[in-house]
Structures are given as structure tokens and as C-alpha cells.
Amino acid sequence: MEITLNINGTEKKLNVEPRTLLVQAIRDAGLTGTHIGCDSSSCGVCTVVLDGKTAVKSCTMFAVQAEGHSITTIEGLAQGDKLHPLQQAFHDQHGLQCGYCTPGMIMAAYVLLQHNPNPSEEEIRFGLSGNLCRCTGYQNIVKAVQQAAQMLQQPTGAAADD
Amino acid sequence: MSVQTPNLEPKGIQGLGKPIKRKEDARFIVGKGTYLDDINLPGMLYMALVHSPYAHAKILNIDASEALKIPGVKAVITAKDLAAAGLSWIPTLAGDKQMVLADGKVLYQYQEVAAVFAETRQAAADGAAAVQVEYEPLPVVVDPYKATDPDAPVLREDIKDKMEGAHGPRRHHNHIWNWSVGSKEETEKALAQSEVRIKQHMVYPRSHPAPLEPCGCIGDMNKATGRLTVYMTTQAPHAIRTVLSLVTGIPENNIRVISPDIGGGFGNKVPVYPGYVCAIVGSIVLGAPVKWVETRTENLTTTGFARDFHMDIEIGATKDGKVTAMKVYTLADHGAFDAAADPSKYPAGLFSICTGSYDFQKAYAEVDAVYTNKAPGGVAYRCSFRVTEASYLIERSMDVLAHELKMDPAELRLKNFIRPEQFPYPSALGWTYDSGDYEKTLKVALERIGYYELRKEQAEKRARGELMGIGISTFTEIVGAGPSKDFDILGIKMFDGAEIRVHPSGSAIVRAGTRHQGQGHETTWAQIVSEELGLDVDKIIVEEGDTDTAPYGLGTYASRSTPTAGGAMALAARRIREKAKKIAAHLLEVSENDVEWVDKKFVVKGVPSKSVTMNEVAFAAYTNPPPGLEPGLETTYYYDPPNLTFPHGAYVCVVDIDKGTGEVKVRRFVAIDDCGTIINPMIVEGQVHGGLTEGFAIAFMQEIAFDEQGNHLASNFTDYLLPTALETPRWETGHTVTPSPHHPLGAKGVGESPTVGSPAAFVNAVVDALAHLGVRHIDMPITREKVWRILRQSGIDSF
Amino acid sequence: MIPAAFEYKRPMSLEEAIDHLAKHGYDARVLAGGQSLIPAMRYRLAQPGVLVDINKLPNLSYLSEEGGMLRIGALVRDTDVEFNKDIQHRYHLISDVSMVVADPIVRYRGTVVGSLCHNDPSGDWAAAAIAARAQMVIKGKNGTRVEPIDQFLVDSFATSLGEGELAVEVRFPTPNALTSGAYEKIERKVGDYATAAAAVQLELNPDGTIKEAGIGITAVAHMPLRVVEGENLLRGQKPSMELIRAAAEEARKIADPTPDARGSAEYKKDMARVLVGRGLLKALNRLGVAVA
Ligand SMILES: Cc1cc2nc3c(=O)[nH]c(=O)nc-3n(C[C@H](O)[C@H](O)[C@H](O)COP(=O)(O)OP(=O)(O)OC[C@H]3O[C@@H](n4cnc5c(N)ncnc54)[C@H](O)[C@@H]3O)c2cc1C
Ligand code: FES
Ligand code: FES
């Protein structure tokens, strides 16, 4: 069946089966930044943002269900050449190693900061606990989210030091 | 830091010791990495596998007719079809052989039975579900201790009468090899004479590396050129190319292995798996590229497991706590095929590092390996070939001894450390430790955590009935395999290569035979070259993973990249510098002897104002080379390390125990590592965080368990438990620096120390919390229930 | 893994949804948050022929108080509850549960009603619904029924929902100032189902004695259970450590868990006791009652 998905502000016409998972449809549309890591909805590497403010594990939603929603993936975060503060902060704080969890982790953090712009370390650990990372031990991811929170709160001024 | 000017590129000459941000991040943070599943080729087919529901069964019939009726399904292959190509069995890295698809019978649950090729992923999956296989279940062997019972079922019909294996005699149809080192007689004598002796049995449970990206491969046979291109999630692309050539008969020059970005490896992506072979055969047979990407279940149930060492140790000591001798017996459960990824001469890997950081005069270690109805493997999971098991064994045992002697575990360790002046230290089991300062590292850790105050707090709490524990691990690693006189895999020596090409404008491309999976080589290799050549780090591009372009090397695992390829990189750069010096002399119009390398410039001796930079030299190498000198500025260096390196560390952990549920809370964890010279402290710290987290997971959560029928009990992430940010403790890290005397940079490698060293610290802490109740040992993973059982048996209860 | 093929229906009205369900009978499944159904379909443990996606149905996303009840529509997500300040302040039990069901991302999609319809033997919402004495609102061809939760939850993965029926709402009684509750769950990690968990709800009389008690336990039997004897012991009594111990012991007695990787039966039974005890202490603490 033919569906239209709004991904990162662009309408994409896709041919899918009802059973096509959203993550597969996104990847088949050429946006391979969203990854797949499990079959049990456990790892969160497929996390994307739905309608700007909720996160979803895109392996746990059918592509047809996403019609009429806007989807934001890691590829849609930067504004032109300007990285989103989360992307900048993950780089600055060494919040990634192999990078496989990173897109999902950043999208989860994006939504977390929408609901809680100034989270404590504990709240960040809690909020990101639907996303696994095998490489970093999470510590620098937490620091990255803290830096991004600061940057977002001072959109024009200086943000956190390393 | 300014928000408006995102700064992705570090600038200038950035050599050793600088925490520069990673170059590879640029693509990953915007979702532009290229992992295996991101690669799609025109006309590509998809493969799905059929797996056995039984752990041991005869295959009576395979009926693919329903599968072949599904639209889009192109072919189904079984062992019979592979046999026609001579590929139904392949050699393993350990000198055994393994089935690609089940040949007559299955030997473990989820074993690959058939491969289905189709035009879409969906059709492939539907096809696999439609293949009908008839089985006749056979009795299973799950417990390695029962594997060699006289009446144990025969697992390997193919070798049941072969009493000589790749590593010597076999004494039972399920026995693989026996390996020992040290003098048994002398050790037993020394033990008999010891004033104090402890004995302990402990199990290092089966585990799985479980990188977040599963394994996968695209086989692409171009019939027109005869060239096979294989995209594969592999940590060792060159070794894979050689193995593929050996098993398929395709000349090695006609095989190109490309290892794209890898989403974590941890040893899981070293071996050759049946799925890879099937995808390649599929491509050869069907004439189209074939992609296979594992499901998580396939990853956890069929690809390389780690550990599964069942160990018995005996240690002798004097009454005042000086260790005298150690004797170890281990039963290693290798599953259905011996596919351990160890250097060929070392079937039990580097397990003989089990004397650890202590000055044992006598030692003996013996390992028996057996077959069971479990998946093959025995990979070095964030570990240098069984060092993890060895480290855990000795560090856990030192606490058992301290308990027996009623001695503080820190004091016992301080009393027995190999002293700095003893290096290079020949160990009782045959290694020569390069360098170390164990006492210093432990003292830094004790100071940092406030050890003696914590002991006071513990005493007070105990008096009030509260449970807290402190655990120490002062491990020594052995990494960087290895010197070619001892180390090879299937005959290929374990050196590593590096290539540097400096371009006329002063930029460079460097390549290595290693393949990073998050370790940051694109940054650290550039830093080494920047340090050695004085080039801007952002003008050095690092490339790994394509066998057509990279120099030969055995890959990235076992913390070997820095000790081997890092050394190669430094020496390649120095070779470039030697030549550059000649060009500099020419430019400075002095003799070569009058030129020296100072502050990353060539300077005329005694005339600091007269100098040329490497940029100027590079330009001249192509535009104005000295007469008689070969133009250009490129080189390749193969580094054969003279010895292994021996990183060490001191870890201290504090835990609190919930008396109601048995839950263990890690309150603090201090990790002081000594990995010699540090190339990039930010990256090293990141490696330590990650490794500690995996050590924590092994101590408390991760286990590949089986029931009595051989059913796999951890086939997905709801059962194989990986910690999230919430469970993971906050790590406190630090360093001492004792350079390796023989490594060109003094570096030792760090990626695995924390996984090797930390499990014992966690377990020691929990046992310490319960020691006054008579507890001496608890096997990993330490679940709440294990602790709860001890509490209730001791009459401790609480809400 | 890839689910088996199915027919997809996206009704735009309740009537249409019920028509689909009635027509296809047990071959049809409601798709709500999909957080239980889709993973089961990926493993092909569930292979429904028809999926009736209710996510586009109008007027099922309400979360409102009416007639002494908190009404949670069938499309209210766990996070709608989790982030709701009013619920955090007044519905302590519900708020506790909303923070420990599944994981934070799954909670953006998973629905409270869907979880109750799924009736997993380890479901968290069911235990809370039992303790708080919730009611389910069910619609079908023959109209609307309101059913107490105890009647709705029938067996492991089974409810009283008949062919062609849809659950549209769950109702939780609004707690008064003398009512509080708590949810105590132990799980091996975030995203794991409970090893054992206990939901408790207590209403006090002005004199400090217990007027009404609700105790639900989960993951310790074939389905979530009400600890009836424990509730009976508490009712009318003044809170004391001894009383709490006795009530908690009742949970241990009726728990009949299946041993698995999360623990032996013995362990889970004891955890049912410990967690009920802790829940009661926490609920009392939230009511300002310290128990010696
Ligand atoms: C990683 C992970 C961890 C989880 N951990 C937990 C946990 O710890 N505790 C826990 O309780 N749950 C857990 N869950 C399950 C999760 O909470 C689900 O969201 C919930 O069980 C089902 O809600 P849903 O809306 O997603 O339902 P769906 O998956 O859409 O449906 C579940 C079942 O209920 C039926 N159904 C749904 N809504 C209705 C309706 N309105 N009328 C009739 N039938 C309906 C469906 O047909 C289906 O059979 C976990 C899920 C995941 C993926
Ligand atoms: S792929 Fe693992 S949660 Fe989606
Ligand atoms: S960076 Fe590798 S999984 Fe997170």
C-alpha cells in the first residue's frame, strides 16, 4: 500500500505492507541514521520523535500508523550546518563511541529536555533508561545532556564549559 | 565555549596526552555513519535462516516446498547443497571444524539448519517460517562436568573415534583438549608445605558481548570479474579475507573484505559465522548480492559466547600472609565446536596470567575443554584471551585468602605485590611482565575512596545490623598479542601494519590493519602521527577496514590495537621522519647530521632560527627532492612487538545491601588504571567507563544460561540483561602512568582492563558485606535472590 | 524480526471499530499502544489476521475527574499519566505505577487500558487497578457495560472482553484526603517485568484506624491477585508494625509464582510479602502516619 510520511518536514511517498515497521520504512526512505538493535522493543536505538514532543521506538509502531504524524529523526535535528545543541554536546563530552545507539539516544534526550528543560543527573539517567548503550557506560551521555540543557536555556549566550 | 560556532574539528598539532575531541564523531552525530545494514546494492537479495528448536537432535527431513511457493523466495539451501561446494563444514580458529548448516544433526538450540534467499526481507522471513524440518530429539549434554561421563551421549559423530585433536590427545568422545603450564609436582609440594591453604571453586558464567549492532554481511560475487566483495561486520577484515580464501578456494586477490562502521564488537565480531558463509555461497550461486543481518535472537544464541570457565583454585601462604604457591584446575565449556578465538599455541588463551600481580614462586594451571550442546564460541569478550577469567580467579581468591587469614584484603595485596624493582618480572607461569607499580596504584585508589574511613563506617554499621561491603581488585592484564615467535592464528603471525602517506600540501592519509568499533582510532592514530610528524591533526585522515587498501593486520580485539598497530603507526611515522630529515637537510643546506627534530620542527643544531616544518618538507618531497633521494613521503611499517604489555589497575568498590530484597546497591567505584603512556585521556576515560559498565553487568546481570534440555534462556534483551543508565553506577576514574619500556610510545592498551578487573571488585564487595555471616564466595551473576538466600539463612529479615 | 502479514483496519469511529471486531471475531485484535502486541507479532507469537487500529478514534484520550472517579480513556498513554501534576499530587498509587511500567520510551505509546486488556500475569496496571478498586467500561454491539476490575481480569492473558468488544475506559475512585497508596516493584532492570510487585491503597478514618484497604500483587501468580485476607486484617484496625507484618504475610500465603530466571517461587513469595509491607509503610507515611 502507498502511504505518505512526513519525515523531517519532507513528505515522502512510500510503498509499504501493513506489517512494515516504521523503522524499516524510515530506513528504506534513505534515512539510515535510525538503527535497529533488537526484536523485543528493548534497546531504543530506533527511537524517533513523533509530533515534536513524544518519543517512540520506531520498531514498535507500524509505518501505516505514522500517517498524519510528523516524524523527526537524527537527520532532521541540525539546522543546516548548525548542529543541534545535543549533537554538539555529545561530541564535546565524548558521549558516543561506536555511535550505534547515538541517534536514538539523542532523540530520547531531545524529548526528555522538552518535558524537563533542566534535569538533574538522576532525572537524566531515569529519562534515558529506555535506551541502551554498550560502549560509553552512560556517564558522558549524562554530561552531554546536561551541557545541551544549558545550551538550550541560553540560546544566545555561552554554555557549559567542558 | 561558544554555542554559535560548533567546533567539530580539533585544530593544529595535537600529539600525545591531549584530550582532543573525536574526528569520527562528525558523521555519527548527524546519523551519517555507514553501518552494514545501511549498505544496499542494486538487485540485492535477502537471506533468513531456519534454526533448530532442539539442542540435540537428528534431522530426519527438511521440506522446503512450502517456502519455495512464497512469492519472492528464490532458493533454499541446506547442508547438502553446501556439501556440493565443499562448504558444509568450515575450519574454526581453534583447529576444530564446524558445521555451516546442520549436517545430519543439530548440536545446539538455534543452530542454523537452512538458509532462505528472497527478493524482500519479508519474503525471506516468511520463507524461513515455512520450511518444515523433522527432528528426532537426542539426549543432551548441558553440564560440562557430565560431558565426559562414560555413558555421555556422543555429540561429535564426525570425530568420535579420533583420539588426537589439534591440541593433543583427547580422552573421551566429548573431550577436546588438555592444556597445562607450570610444574605440578613442585607446586603440590610447595602447597603441602604451606602453613595456610585455601581452596575455592568458582564459575565464570557464560556471557555474550552483545554489541548493539548485530552481526551481518553482504556477499557480492561479480561473475564477470570473478571478484568477491564481502561487506562484513568484522573486527579483523584481513584475517577474514585469508580464511575466506582458504575455505572457498577463491584466490585471495579476488576477495575484498570491507568492514564498514561497526556498532560495537567486543570480540563478538571476530569469528566467521555460518550466516556469513551462507550469504556468500548464496551470492555465488544466485549471482546477486545477498544481505544477511542477524536478528538479536540469532546474535545471542548462535554467535560467539565468552567465558564459561569452571575453576578450582588452591593457594598456599605463610601464616603472616605471604603467598607461596597456586594450583588451578579449570573445566572449559566450549559448546558444540571448538571455535575459541585464541592464538593457536594457546588453546586456553593467556589464562596463565592467573598469578596476577603477586609474587608466586610456584604455580601450576591446567585446563580441560569439553563439548556440550551449546553454541560454539569462546571469544575474547572485551578481554585479552581468557585474561578476564584469570584475573577474576586470582582477585577473588586473594579475598578468600584474606578472609582465611583474617587479614585486611588491601594489606594482603600490599604484602604480596611484585615490587617495582623486580621488573622485568618473570612469572612462575612463564611471562615476562614489562613494568608496573602496583603498590602506588593501589595506594592512590585507597586514598581516593577513603578506604580506612570506610572500614570504620563498616564496623559501625555492622554493629547496627546494616550491611555494607568494600571490594578491591588489583589486577594485571596481559595484552597486545603478540610477538611473532609465540603468537599466530592459523599460522598467521600476530603483527600489525600501518601505512602513512604524506601529501605534498602537508596533509596525510594513514591506514592500519586494525578496525575500530568505537575505540576512536580515527583520532588516536592521527594523534600519534601528529605527535611524531608535527602535522595538523585535522589534516590527517585515518582509514581502516578495506582489505584492498589497508596494510595487512590481524585486527582489533584483545586490547591489541594500541600495543600493535599503535606501535606500527609510531614506527611508520619515525621512518617517514628519517627520510624527511634528509629532505630538511637539503632545504636547510646543511648536512643531515646537523639537523635535529626539536619542538616538531627540523632545526639546524645550534641555530634555532634556521628551521623547516614538516609541511615544507612534504612539499619538497614532491617538488624539490634532494638529488639521489627517492621522491615522495610514504611508508608502510609492520610492527612485530618484542613482548606483550602488562597494564594494571586498582579498583575499589563500595556496596550497600537491602536486607529486605537482597538488592545490592553500588555506592561508589574508584578505578585507577595504569595503561602506560596515554594517547588521548578523554578516549581512555571513555573506554574505562564502558568497560566498567560491562564488568558491572557481568557481575550482576548478564548470563547466558540453559535449562536441562539445553534450551537457551537468554535469547533476547528481555532475558539477557544489559544495564541501563539507571542501574549503572557513577564511575570515578584516575591514572598512574608506568610506561611500557618496550613499546615505541610506552603505551599499553586499556580498552579491556576495566572489564577484566572490575568483576572481582564487585563480587569481593558483596562477599565482604556478608563475610561476618560466614560467606566466602558467591558466583556471578549476583542476583538479589542469591543474597536474599544468605540473609534469610542467617535470620536476617526486614521490610 | 518481521511479523506475519495481516489485514490493517483503521476505523474512524467507535461503531466502525466494533463492526470490524464483531465481523472478524477472534481473528481480529485491537491495536492500541502496540507495546505488547507488536513485539509479540515480531516473534510471531501473535499472528492476528486483522488488526483494528484504534489510535485514530476520536474522544478516547481524555483523562478527567468526574463523579468521584478518575476516568482514563483507552488512548491515554502511560506518559499522559506520568507527567500529570494532579495525578502526582493526589493519586499516589497511580503516579508510582506510571513511573515504573516498562521504560520511558515505551510509556509514550503504551496505554493504561491496553495494559489491562492484555492482562499479563506480571502487568503493573492490573495490580494497581485491583488495589484501587477500579472499574472498566466496555463497549460492544449490545451497548456499554461497567465492570469491577476483579470481574474484568479473568485469567492469565484473559479478560471478560467478548468477541466484538472494546474497552473504552478505566475508572479509578478519586482518593479523599485520608487516602493514599503506593506501588513497590522490584525488577532486574528498567524495562523488565516485575520480579514481584505490590500495589496498596489505604483509607483512614479520622480516628486513625484503617477504613478501607486495597492490596494487589503481580508477577507472583498466574495473574495479578487481590490479597483479600490482608485487606480484611487491616480493615478497622489501628496501623501497627505487627498488623502490617500480618497483612504482608497474607500476600506471601496466596502468592503462587512460577519459578523462572527472575527467581524461585520461594523468593517471589517472600518478595510479595516484603513489598506489600513496604507499600503499606509508604502509604501510611504519605498520610503522615509513622508506624513503630
Ligand atoms: C520493553 C517493554 C517493557 C515492558 N515492561 C512492562 C512492565 O514492566 N510492566 C507492564 O505492565 N507492562 C510492560 N510492558 C507492556 C506495556 O506496558 C504495554 O504498553 C501494555 O502492556 C499494553 O498496552 P498497549 O496500549 O501497548 O496495548 P497493545 O499492545 O496495543 O495491546 C495489548 C493487548 O490488549 C488488547 N487491547 C489493547 N487495547 C484494547 C482495548 N481498548 N480494548 C480491547 N482490547 C485492547 C490488544 O488487542 C492486545 O491483545 C512492556 C513493554 C515493552 C515493549
Ligand atoms: S530496535 Fe530495539 S527497541 Fe527498537
Ligand atoms: S556508543 Fe556504542 S552503543 Fe552507545
Side-chain angles (χ1 to χ4, degrees), chain B residues 46 48-49 70-71 118 120-130 214 293-298 658-663 696-697 700-707 712-728 781 783-789 791-792 797-799, chain C residues 1-5 36 39-45 47 99-100 102-106 122 184-198 241 244-245 247-249 252 259-282 284 291:
Chain B
Y46 297 85
L49 293 168
I70 293 169
T120 62
R121 285 181 201 90
Q122 285 88 342
D126 293 348
V293 177
E294 270 181 347
T295 63
R296 180 53 60 188
T297 300
E298 290 175 323
D658 179 330
K659 291 187 287 181
T661 62
E663 183 184 2
F696 166 77
F700 293 106
M701 308 163 85
Q702 285 178 191
E703 184 185 13
I704 299 288
F706 296 83
D707 69 11
H712 195 290
L713 300 178
S715 65
N716 60 59
F717 283 161
T718 57
D719 300 313
Y720 189 62
L721 307 174
L722 309 185
T724 74
L726 205 63
E727 292 84 41
T728 303
T783 60
R784 291 186 180 103
E785 178 165 355
K786 287 183 188 170
V787 175
W788 166 85
R789 218 164 262 291
L791 296 174
R792 296 295 187 270
D797 189 0
S798 147
F799 279 160
Chain C
M1 280 187 241
I2 298 169
S36 289
M41 289 174 68
R42 291 181 77 186
Y43 284 106
R44 300 198 176 192
L45 297 171
Q47 302 197 16
M99 293 176 72
V100 296
D103 71 43
I105 311 294
V106 169
S122 307
E184 291 285 334
K185 173 181 184 179
I186 52 172
E187 55 184 1
R188 296 172 301 175
K189 54 165 286 195
V190 174
D192 188 22
Y193 279 87
T195 300
M241 211 51 205
I244 290 170
R245 267 200 209 101
E249 182 57 27
R252 201 187 59 76
D260 60 15
R262 293 185 180 83
S264 65
E266 203 190 344
Y267 178 64
K268 292 182 186 182
K269 279 171 81 78
D270 195 42
M271 288 309 100
R273 175 187 69 89
V274 167
L275 297 174
V276 166
R278 286 189 178 175
L280 290 169
L281 285 174
K282 188 185 269 182
L284 287 166
V291 185

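So you know, we letter chains A, B, ... as the sequences are listed, proteins then strands, and number each from 1.
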Requested in this report: Identify which part of C:Tyr43 has an atom lying under 4.5 Å from any heavy atom of chain B, answering side chain, backbone, both or neither.
Outcome: side chain
**Report entry** Partners passing ring pair (Phe, Tyr, Trp, His ring centres under 6.0 Å) against B:Tyr46 (at least two apart in sequence or in another chain)
**Finding:** none
Query raised in the report: Can you say whether B:Asp707 sits under 4.5 Å from chain C via the side chain, the backbone, both, or neither, judging by heavy atoms?
Result: neither
Query raised in the report: Non-hydrogen atoms of chain C under 4.5 Å away: do they reach the side chain of B:Leu726, the backbone, both or neither?
Result: side chain
**Report entry** Check against salt bridge (Lys or Arg N to Asp or Glu O under 4.0 Å), C:Asp270 and B:Arg789
**Finding:** CA-CA 11 Å; C:Asp270 195 42; B:Arg789 218 164 262 291; over 6 Å; no
Requested in this report: Give the member of C:Lys268, C:Glu184, C:Arg188, C:Arg262 that has the highest number of heavy-atom pairs under 4.5 Å with chain B.
Outcome: C:Arg188
**Report entry** Spacing of B:Arg121 atom CZ and C:Met1 atom CE [to the nearest 0.5 Å]
**Finding:** 15.0 Å
Query - Among B:Asp719, B:Leu721, B:Thr783, B:Thr295, residue most engaged with chain C (heavy-atom pairs, under 4.5 Å) - result: B:Leu721
Query raised in the report: Could you give the distance from CZ (B:Phe700) to NZ (C:Lys189), rounded to the nearest 0.5 Å?
Result: 16.0 Å
Query raised in the report: Of the non-hydrogen atoms in B:Ala125 and C:Arg44, which two are nearest, and what is the gap between them?
Result: CB-NH2, 3.9 Å
Report task. Work out which heavy atom in B:Phe799 is nearest to a heavy atom in C:Ala248; give both atom names and the distance. Result -> CZ-CB, 3.9 Å
**Report entry** Under 4.5 Å from a heavy atom of chain C, the part of B:Thr718 involved
**Finding:** backbone
Query raised in the report: What part of C:Arg245 is in contact with chain B, defined as an atom under 4.5 angstrom from a non-hydrogen atom: side chain, backbone, both or neither?
Result: both
Requested in this report: First locate atom CG of B:Asp126, then atom CD1 of C:Ile2, and finally report the distance between them rounded to the nearest 0.5 Å.
Outcome: 7.5 Å
Query raised in the report: Using non-hydrogen atoms only, which part of B:Gln122 is less than 4.5 Å away from chain C: side chain, backbone, both, or neither?
Result: both
Query raised in the report: B:Ala129 versus chain C, heavy atoms under 4.5 Å apart: side chain, backbone, both or neither?
Result: side chain
Query raised in the report: Given a strict heavy-atom distance threshold of 4.5 Å, which part of B:Arg296 is in contact with chain C: side chain, backbone, both, or neither?
Result: neither
Query - B:Thr661 side chain reached by C:Arg278 side chain, heavy atoms, under 4.5 Å - result: yes
**Report entry** Inter-residue atom distance B:Glu663.CD - C:Met271.CE, 0.5 Å rounding
**Finding:** 11.0 Å
Report summary line: Interatomic distance, OG1@B:Thr724 vs CG@C:Asp192, rounded to 0.5 Å, equals 11.0 Å
